[in-house]
Amino acid sequence: MPESKPSVLFVCVHNAGRSQMAAAFLTHLAGDRVEVRSAGSAPAPVVNPAAVEAMAEVGIDMSAETPKVLTAEAVRASDAVITMGCGDTCPVFPGKTYLDWRLDDPAGQGIDAVRPIRDEIQRRVRALLTDLGIQPRH
């Protein structure tokens, strides 16, 4: 019987900074052991360039990512939904694990302001992996 892998959805308003960085860290650290999604309630046209630059500094390439719209299907398909400042616009379904990570919004910020947000997201993603019982790669 195949072991089902946990599924995590990261949600923020624009899906251009925080949720993209969190998804990239989780994919990087968990590989194919976790199904990772990210979405936004009001997606931006492009991923925040400062977020892309900050992630490149730690060896993670997000340059090909694009903001995606949040759908009820994405929430239903996820075991854990981690919101980052989307408030009441995030749909809630019974039986899901919801976490709200209060993080500064990197929108419109320069690289110096984005680095500490990136580092806090990495810390939280590593803690999430521990909670999921998954040993991070690297």
Side-chain angles (χ1 to χ4, degrees):
M1 186 165 86
E3 190 179 314
S4 71
K5 60 184 167 183
S7 169
V8 177
L9 170 65
F10 294 102
V11 182
C12 66
V13 176
H14 301 299
N15 189 222
R18 294 167 290 187
S19 56
Q20 289 281 355
M21 289 190 285
F25 270 126
L26 185 53
T27 299
H28 180 73
L29 295 168
D32 61 3
R33 295 172 293 165
V34 177
E35 191 174 339
V36 182
R37 297 182 184 85
S38 73
S41 52
V46 296
V47 173
N48 180 337
V52 172
E53 183 182 348
M55 293 300 285
E57 290 179 351
V58 295
I60 299 174
D61 181 8
M62 286 190 348
S63 61
E65 296 300 324
T66 56
K68 293 167 278 307
V69 69
L70 176 64
T71 63
E73 292 73 35
V75 176
R76 264 194 225 98
S78 301
D79 300 313
V81 179
I82 298 174
T83 58
M84 303 172 179
C86 63
D88 296 337
T89 60
C90 293
V92 174
F93 291 96
K96 303 290 176 194
T97 298
Y98 288 90
L99 299 171
D100 186 46
W101 289 0
R102 297 192 184 281
L103 298 160
D104 291 337
D105 188 347
Q109 303 287 327
I111 186 73
D112 291 337
V114 174
R115 284 185 188 112
I117 299 168
R118 173 202 65 201
D119 295 344
E120 177 61 15
I121 290 171
Q122 181 178 29
R123 188 190 68 73
R124 292 183 188 207
V125 166
R126 286 182 177 279
L128 175 66
L129 279 171
T130 299
D131 292 346
L132 293 172
I134 294 173
Q135 183 68 36
R137 300 186 306 178
H138 315 293

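These values consider heavy atoms only, across backbone and side chains, with no hydrogens, waters or symmetry-generated copies.
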Separation between OG1 (Thr83) and CG (Leu103), nearest 0.5 Å, reads 10.0 Å

Inter-residue atom distance Trp101.CH2 - Cys12.SG, 0.5 Å rounding: 12.0 Å

Side chain to side chain contact (heavy atoms under 4.5 Å, CB included), that's the test. Do Leu129 and Phe25 meet it? Break it down for me. CA-CA 11 Å; Leu129 279 171; Phe25 270 126; over 6 Å; no

Go through Val34 and Leu128 one step at a time and tell me if the side chain to side chain contact (heavy atoms under 4.5 Å, CB included) criterion holds. CA-CA 11 Å; Val34 177; Leu128 175 66; over 6 Å; no

Between Ala30 and Arg137, the two heavy atoms sitting closest are C-NE, 4.3 Å

Using only heavy-atom distances, determine whether the side chains of Ser7 and Asp79 contain a donor-acceptor pair under 3.5 Å. no

Do Val52 and Val58 belong to the same hydrophobic cluster, where Ile, Leu, Val, Met, Phe, Trp and Tyr are linked whenever their side-chain heavy atoms lie under 4.5 Å apart, directly or via other members? yes

Using only atom types and a distance under 3.5 Å, with no angle test, would you say the side chain of Arg33 pairs donor to acceptor with the backbone of Gln135? yes

Counting distance only, does the side-chain N/O of Asn15 pair as donor-acceptor with the main-chain N or O of Lys68 below 3.5 Å? yes

Using the rule side chain to side chain contact (heavy atoms under 4.5 Å, CB included), only one of Val11, Val8, Leu99 pairs with Val81; which is it? Val11

Residue Asp104 excluded, over 12 heavy atoms near CG under 6.0 Å: no

Write down the atom of Pro67, the atom of Pro45, and the distance for their closest heavy-atom approach. CD-O, 4.1 Å

Would you give the length of the straight line joining atom CD1 of Ile82 to atom CG of Leu26, rounded to the nearest 0.5 angstrom? 7.5 Å

From the options Val36, Ile60, Asp32, select the one residue that forms a side chain to side chain contact (heavy atoms under 4.5 Å, CB included) with Thr27. Val36

I need the minimum non-hydrogen distance between Gly110 and Ala50, along with the two atoms involved. C-CB, 4.3 Å

Measure the spacing between CE of Met62 and NE2 of His28 and express it to the nearest 0.5 Å. 13.0 Å

Please check: side-chain N/O of Arg18 versus main-chain N/O of His14, any donor-acceptor pairing under 3.5 Å? no

Which atom names give the shortest non-hydrogen contact between Lys96 and Ala77, and what distance separates them? NZ-N, 4.5 Å

Evaluate side chain to side chain contact (heavy atoms under 4.5 Å, CB included) for Glu57 paired with Arg118, printing each intermediate quantity in order. CA-CA 10 Å; Glu57 290 179 351; Arg118 173 202 65 201; 3.0 Å; yes

Can you tell me how far the CE atom of Met55 sits from the OG atom of Ser63, to the nearest 0.5 Å? 11.5 Å

Give the minimum heavy-atom separation between Leu70 and Ala39, together with the two atoms involved. CA-CB, 3.5 Å

Value rounded to 0.5 Å, distance of CE in Met84 from CG in Asp105: 11.0 Å

Heavy-atom closest pair, residues Glu65 and Val47: O-CG2, 3.4 Å

